[in-house]
Amino acid sequence: EIRPRDWSSDVCSSDLPLSGRRGLTVTGLDDLEAAISLEVGGAFTAEKEGANLSVPVGPSWSLVGSLASRASRGHELLLGPKRQQEEVWTVQIPAGHRVLSTPKSTHLTTAFGEYRLDVVQEGNKVTVTTRLAITQSRIGPADYAAFRSFAQAVDASSGTRLLIGP
């Protein structure tokens, strides 16, 4: 048996690069038909890039490594259940700093799924929303190259960073 508290703690500790969490809210666990929502507040550790700071603003999906690592396939690839995941990352820009570069918004739609990365900057706040939907549960050998191209495009656009400077 996995209790909600154990599950959410595991997800937070392994997938989110937060140095200090300031709250965790999990909803949707009581309804089998509802989407599960996990909201975490915390602080990111920025990396120095010269005089500037680089901050992660979205998940790194690694679809090629986890689902499409082979160059070709002779048998069906079983992806499991159809699924979607949406993440919203909000970064408050510190006083005295400005945004130097943001990730490029991306929208990909294929027969295998959809990927969106949207960036909105309002004043000293940058919000990055990512959504990945896998709409197929099986990929046949004839479609594998196209699926792998989709996975490569998602990976190239994910794991993005925000660059801020004085």
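Side-chain atoms are counted along with the backbone in the values below, which use heavy atoms only and exclude waters and symmetry mates. Throughout, numbering of the chain's residues begins at 1 and tracks the sequence.
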Can you list every pair that meets ring pair (Phe, Tyr, Trp, His ring centres under 6.0 Å) and has a residue in residues 116-140, with sequence neighbours left out? none
Trp89 vs Glu87, side-chain contact (heavy atoms from CB on, under 4.5 Å): CA-CA, chis, key distance, verdict: CA-CA 6 Å; Trp89 295 44; Glu87 296 195 16; 2.8 Å; yes
pair Phe112-Ile134: side-chain heavy atoms closer than 4.5 Å: no
Answer yes or no: is there a side-chain heavy-atom contact under 4.5 Å between Leu117 and Pro103? yes
Which atom pairs, one a donor and one an acceptor, fall under 3.5 Å between side chains of residues 121-132 and the rest of the protein, sequence neighbours left out?
residue	atom	partner	partner atom	Å
Arg131	NH1	Glu114	OE1	2.8
Arg131	NH2	Gln84	OE1	2.3

Hey, could you give me each pair passing salt bridge (Lys or Arg N to Asp or Glu O under 4.0 Å) that has a residue in residues 143-155? Not counting sequence neighbours. none
Glu47 side, atom CD; Glu49 side, atom CD - distance, nearest 0.5 Å: 7.0 Å
What is the minimum heavy-atom distance between Ser137 and Gly80, and which atoms define it? CB-O, 3.0 Å
Here the gap from Leu77 atom CG to Gln136 atom CD, rounded to the nearest 0.5 Å, amounts to 11.5 Å
So, using side chain to side chain donor-acceptor pair (under 3.5 Å) as the criterion, who are the partners of Thr106 when residues are at least two apart? Ser157
If you look at every heavy atom in Pro166 and His97, which pair is closest and at what distance? N-CD2, 4.0 Å
Glu86: which residues meet the side chain to side chain donor-acceptor pair (under 3.5 Å) condition with it, sequence neighbours left out? none
Could you check Ile93 against Leu162 for side-chain contact (heavy atoms from CB on, under 4.5 Å), going step by step and ending with a plain yes or no? CA-CA 10 Å; Ile93 308 304; Leu162 178 70; 3.9 Å; yes
Distance (rounded to the nearest 0.5 Å) between Tyr115 OH and Thr109 OG1: 12.5 Å
Correct closest heavy-atom pair for Ile164 and Pro94 would be CD1-CD, 3.9 Å
State, with a plain yes or no, whether a side-chain heavy atom of Ile139 is found less than 4.5 Å away from one of Glu76. no
Under the 3.5 angstrom rule, does the side chain of Ser66 hit a backbone N or O of Ser62 as a donor-acceptor pair? yes
Kindly say whether Ser72 contributes a backbone atom to a donor-acceptor pair with the side chain of Arg70 at under 3.5 angstrom? no
Identify, with sequence neighbours excluded, every residue that meets side chain to side chain contact (heavy atoms under 4.5 Å, CB included) alongside Leu100. Asn52, Arg98, Leu163
Flag, side chain of Ser158 to backbone of Trp61, donor-acceptor distance under 3.5 Å: yes
For the atom pair CZ (Arg161) and OG1 (Thr102), what is the distance rounded to the nearest 0.5 Å? 14.5 Å
Out of curiosity, does Leu79 fall in the hydrophobic cluster containing Val64 (side-chain heavy atoms, cut-off under 4.5 Å, transitive links)? no
